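Being a predicted model, the structure only gives us computed values, none of them experimental. The chains referred to below are lettered A, B, ... by the order of the sequence lines, with proteins before strands, and numbering in each begins at 1.
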Amino acid sequence: MAEKVMVKGTEAIGEAAIRAGCRLYFGYPITPQSELTEYMSRRMPQVDGVFLQAESEVAAVNMLYGAASTGHRVMTSTSSPGYSLMQEGVSYIAGAELPVVFVNVVRGGPGLGDIQPAQSDYFQATKGGGHGDYRLVVYGPESLQEAVELTAKAFDVADKYRNPALILADGMLGQMMEPVEFPEFRDLSTLPDHSSWAMQGAKGREPHKITSFDINEYVLEQMNLRYQEKYKKIIENEQMWEEYKTDDADIIIVAYGTMGRIAKTIVNMAREKGVKAGLFRPITLWPYPYEALAKLADQAKLFFTVEMSMGQMVEDVKLAVNGKKTVEFYGRTGGVVPTPNEVLAKLMELI
Amino acid sequence: MLNTNYKCHVIIGMFGSGKTEIALNSAIYLKEKYDNVAIADIDVISPYFRTRDEIDVLENMGIKVITPPRKFMHADLPIIPPAVGGYIVNPEFQTIIDAGGNEDGSTVVGSLKNFLDQTKTATYFVVNTKRPFMNTVEDIEYYIERLSAKARRRVDFLVSNSNLQNETTEEIILSGEKLLKEVSEKTGIPVAFTVVPEFLKDIKTEFPKFVLKRFLDKVYQL
């Protein structure tokens, strides 16, 4: 491990991607993500990589589609409206089974929204967003160090399953600064070998075909069933979550990303008041750690979901708890970040 | 600390070098010496962690804070209120200009050239050697030149602000000073001061020591 440096969240994710072996970046600036694009524009030439500013998010996502077809590690980053623009391409990439890492530094919405942090793109991230039956592996980091680790993980998982992955950050994570320790640079010769499917020159062999489409509906159905088999494996192997002081907790706060981090403060404040609170923090938002959360339904009296949205992940919490216990919700939206005090006040009202 | 032989102080530097924290602390430092202190937020680059987030704290201390009109404060718009020029030239005020980061942030300083040239202005370049692109003499020199050109100002002073927030150590501060001393010797630009956090306020520094209280602590900090 190298020494620590002070970085912004956007820079942390950019550098982590480079160290994970990403040398192809296509993007378009949008607040509060622009520094990631800018960082890549400075950094890619230093590591013999390619930075290309696309003319729009629609162009960027199609550049990703093409570049990923060559089997190289490739990434883009954007913020809410920009990610919406990319959805057609995300669906194609998922259908063509290409490993691409997306970063959405979420801002307030809907529509143009504002430039403050939000978590209101959870449905888009985890339940589709584009058309068709597909899934992205979605990570919700709470800190810059975790963002660095999850970025590397996202590339590995994308490669392993030939599936796009998404880092779902928010404006706060993108803009905050913290000391971070980066891993060493990945030796590019150790990256997974994709020569069995990638477009790397067909001389002396049958051509490869990369497509999300077949004109025969039965063949297309078979393709879909193959995706589903893959998703099952991802659900089995890739769930991640953190439990904080849940051992003796009878109130389980459920929150992810930066809200999950703030919720740790809330847990501690509640405990000072004699309330046995704990935090369940999903790290993979898809696959969602339903079973791990469900296990807490026996000991808990109440589940309390807190989000920077009007209630999106709370639906997954309800699916996990499955009616066994009450699931309550508190959220702020439009770029407002709930303070520990206001969340605690709401919690005290509920119990 | 800022050099009070000047009446206007322009703070430039790369993203996240600590300009706003230094500007806020410096405004309070100047307020102890002068009746009239103004701070102008001309950061049109970063949408978060700007002087404008701390208006109430500063105004309660009697410091004049110049920001875009409240209704546009959180807009992603490059608004520079005309009052900025006025406070730069107003002889009754010690004025701090808190610029945005990188070349683009310094470009806004360049647009204020007519005002800044009319008054006794010092330009400070803040360096945190723990930041990307700021950890070699060559890089620091390169960006001093780039930002200076955009700001249309000669850099008069360097500010040593090497830190890892709460994980800052004496060693980090001293090795940052050492690197900056090399830059200073090569460029001929003196180091005005070294920033140290409150929890290291007793360490011995090579350059004058400026103890910094953090303002922009946020809700996510445990």
Side-chain angles (χ1 to χ4, degrees), chain A residues 3-12 14-15 30-35 38-39 42-43 46 79 107-108 112-117 142-144 170-182 244 257-268 334-335 337-343, chain B residues 13-21 43-50 53 71-78 100-105 126-136 138-139 142-143 146 161-169 171-172 175-176 197 214 216-222:
Chain A
E3 60 175 324
K4 284 194 170 178
V5 289
M6 267 286 277
V7 288
K8 261 190 177 189
T10 41
E11 298 166 339
E15 183 64 27
I30 174 171
T31 309
Q33 163 283 149
S34 298
E35 294 91 339
E38 182 171 1
Y39 186 83
R42 280 183 212 269
R43 201 68 180 92
Q46 297 176 345
S79 178
R107 66 190 219 178
L112 180 62
D114 61 12
I115 58 176
Q116 308 304 323
E142 65 155 5
S143 68
L144 302 199
D170 64 64
M172 202 171 5
L173 192 93
Q175 295 290 324
M176 68 166 81
M177 284 182 70
E178 285 184 324
V180 155
E181 210 168 299
F182 286 109
Y244 180 72
T258 49
M259 198 61 237
R261 176 175 179 162
I262 295 167
K264 288 180 184 169
T265 305
I266 300 161
V267 165
N268 291 327
V337 181
T339 66
N341 281 326
E342 73 179 280
V343 179
Chain B
M14 298 293 279
F15 269 144
S17 52
K19 296 175 296 299
T20 297
E21 290 281 12
D43 184 352
V44 300
I45 306 304
S46 154
Y48 290 51
F49 312 130
R50 297 182 283 197
D53 299 328
K71 65 174 175 173
F72 297 128
M73 207 122 75
H74 296 289
D76 205 1
L77 293 169
N102 289 9
E103 292 89 336
D104 293 336
V126 179
V127 179
N128 178 358
T129 55
K130 287 289 164 188
R131 291 276 298 141
F133 311 115
M134 280 283 110
N135 44 24
T136 66
E138 293 69 34
D139 269 355
Y142 172 75
Y143 284 111
R146 297 258 304 188
N161 186 35
S162 294
N163 77 87
L164 285 178
Q165 286 175 350
N166 298 341
E167 297 175 34
T168 307
T169 62
E171 198 274 326
I172 286 170
S175 63
R214 271 194 79 191
L216 305 175
D217 275 333
K218 286 293 164 198
V219 64
Y220 51 76
Q221 270 144 0
L222 270 173

Check your understanding: Could you state the interatomic distance from CD (A:E11) to CZ (B:F133), rounded to the nearest 0.5 Å?
Key -> 7.5 Å
Review point. In Å and rounded to the nearest 0.5 Å, what is the CE to CD distance from A:M6 to B:Q165?
Key: 4.0 Å
Check your understanding: Checking A:E15 against chain B: side chain, backbone, both or neither under 4.5 Å from a heavy atom?
Key -> neither
Review point. If you look at every heavy atom in B:L164 and A:V5, which pair is closest and at what distance?
Key: CD2-C, 3.5 Å
Review point. Where do A:V7 and B:P132 come nearest, in terms of heavy atoms and distance?
Key: CG1-CG, 3.8 Å
Point to revise | B:N135, part contacting chain A, at a heavy-atom distance under 4.5 Å | key: neither
Practice item. To the nearest 0.5 Å, tell me how far A:E3 CD sits from B:S175 OG. Key: 8.0 Å
Check your understanding: Where do B:I172 and A:K4 land on the side-chain contact (heavy atoms from CB on, under 4.5 Å) test, with the steps shown first?
Key -> CA-CA 10 Å; B:I172 286 170; A:K4 284 194 170 178; over 6 Å; no
Review point. Nearest 0.5 Å, what's the CZ-CD distance between B:F15 and A:E35?
Key: 4.5 Å
Review point. What's the verdict on salt bridge (Lys or Arg N to Asp or Glu O under 4.0 Å) for B:K130 and A:E178, showing C-alpha distance, side-chain angles and the deciding distance?
Key: CA-CA 11 Å; B:K130 287 289 164 188; A:E178 285 184 324; over 6 Å; no
Point to revise | Closest-packed option against chain A by number of heavy-atom pairs under 4.5 Å, given B:N128, B:T168, B:N163 | key: B:N163
**Study point:** Portion of A:E142 that has a non-hydrogen atom of chain B nearer than 4.5 angstrom
**Key:** neither
